[in-house]
Amino acid sequence: MAFEITINEGRHSIDVDGDTPLLWVLRDVLGMTGTKFGCGMALCGACTVHINGDAVRSCITSIDSIGDSKVTTIEAVGKTPAGQKIQTAWLDLEVPQCGYCQSGQIMSAAALLASNPHPTESDIDDAMSGNICRCGTYVRIREAIKQAAQSGG
Ligand code: FES
Ligand code: FES
């Protein structure tokens with residue numbers, strides 16, 4: 001069945017079964033491999049994208065649930081004000097180690113900053129607790145979110 005969805009401001013016609021996860025569509029149908037597969041069960045956060053600005057796990061989001069909502073992925077989050085601040089801070093503090101979890105981390109952090117420009121420690125904990133990093137970059141992630149929150153613009 002064909003679905004019309006909006007990803008990064010572009011319209012895409014996707015011919016897949018309705019229960020196909022958005023993650024599969026992004027990676028396998030559209031070749032947008034910035035969004036990562038980790039667990040496939042909403043446990044790790046590697047597949048995080050934005051739907052209407054909210055951080056969601058694309059591995060458990062079926063294509064038929066998206067409708068007219070706007071999907072933003074790591075490929076375009078840097079065009080949003082919050083995403084740009086987060087990516088700048090990530091580079092400044094050299095947050096990634098292996099990098100595998102990092103697009104999901106950035107997507108969760110950008111959604112947090114867009115909805116809450118000055119998050120407290122516990123706000124950061126709440127927003128980021130579902131994003132696992134096997135390399136243990138959590139301290140740098142936290143510092144980068146704080147730096148992004150303090151940056152102007
Ligand atoms: S791949 Fe979606 S949460 Fe792990
Ligand atoms: S940087 Fe390696 S898993 Fe997070």
Side-chain angles (χ1 to χ4, degrees), residues 1-91 93 95-117 119 123-135 137-138 140-142 144-145 147-149 151:
M1 178 171 175
F3 296 88
E4 288 274 328
I5 59 173
T6 303
I7 303 171
N8 300 338
E9 315 237 321
R11 294 288 283 171
H12 297 269
S13 182
I14 314 285
D15 192 3
V16 292
D17 291 341
D19 60 357
T20 305
L22 174 59
L23 178 59
W24 269 244
V25 171
L26 292 173
R27 291 183 58 84
D28 293 349
V29 179
L30 298 174
M32 298 170 67
T33 54
T35 306
K36 301 304 184 198
F37 171 79
C39 65
M41 297 189 297
L43 297 172
C44 75
C47 66
T48 305
V49 300
H50 295 174
I51 295 186
N52 292 338
D54 294 328
V56 302
R57 307 300 187 229
S58 63
C59 68
I60 55 157
T61 303
S62 62
I63 195 78
D64 64 3
S65 71
I66 293 173
D68 292 330
S69 299
K70 293 189 165 120
V71 178
T72 304
T73 70
I74 189 67
E75 284 86 355
V77 74
K79 294 181 184 157
T80 69
Q84 212 237 340
K85 285 183 188 177
I86 288 289
Q87 287 187 329
T88 299
W90 243 246
L91 287 170
L93 296 180
V95 172
Q97 190 164 319
C98 82
Y100 198 83
C101 72
Q102 295 289 326
S103 59
Q105 305 279 4
I106 286 171
M107 295 308 285
S108 290
L112 167 65
L113 215 60
S115 66
N116 179 358
D123 293 336
I124 295 172
D125 283 346
D126 288 348
M128 302 304 296
S129 63
N131 285 81
I132 307 300
C133 176
R134 282 177 295 181
C135 301
T137 62
Y138 300 111
R140 292 199 296 277
I141 287 170
R142 175 177 294 277
I145 292 171
Q147 178 173 309
S151 63

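Since the model is a prediction, treat every value here as computed from it, not as a measurement. Numbers here are sequence positions counted from 1. All values below come from the heavy atoms of this structure, side chains included, with hydrogens, waters and symmetry mates left out.
- Looking only at distances, no side-chain donor or acceptor of R57 sits under 3.5 Å from a matching main-chain atom of L43.
- Looking at heavy atoms from C-beta onward, L30 lies in side-chain contact with V25 at the 4.5 angstrom threshold.
- The shortest distance between side-chain heavy atoms of Q102 and Q97 does not fall below 4.5 Å.
- Shortest non-hydrogen contact noted between M107 and T72 is CE-O, 3.3 Å.
- Taken to the nearest 0.5 Å, the CG atom of L22 stands 10.5 Å off from the OG atom of S69.
- To the nearest 0.5 Å, atoms NZ (K70) and CG (N8) are separated by 12.0 Å.
- Using modelled atom types, one side-chain atom of Y100 and one backbone atom of F37 make a donor-acceptor pair closer than 3.5 Å.
- For the residue pair D15 and A2, the shortest heavy atom distance occurs at OD1-N, 3.7 Å.
- Closest heavy-atom contact between I63 and G18: CG2-O, 3.4 Å.
- Here the NE2 atom belonging to H50 is positioned 11.5 Å from the OG atom belonging to S58, to the nearest 0.5 angstrom.
- The nearest pair of heavy atoms linking P119 to A149 is CD-CB, 4.0 Å.
- The side-chain heavy atoms of I66 and F3, taken from C-beta on, include no pair separated by under 4.5 Å.
- Closest heavy-atom contact between A82 and A110: CB-O, 3.6 Å.
- Taking each heavy atom of C133 and Y138 in turn, the nearest pair found is N-OH, 2.7 Å.
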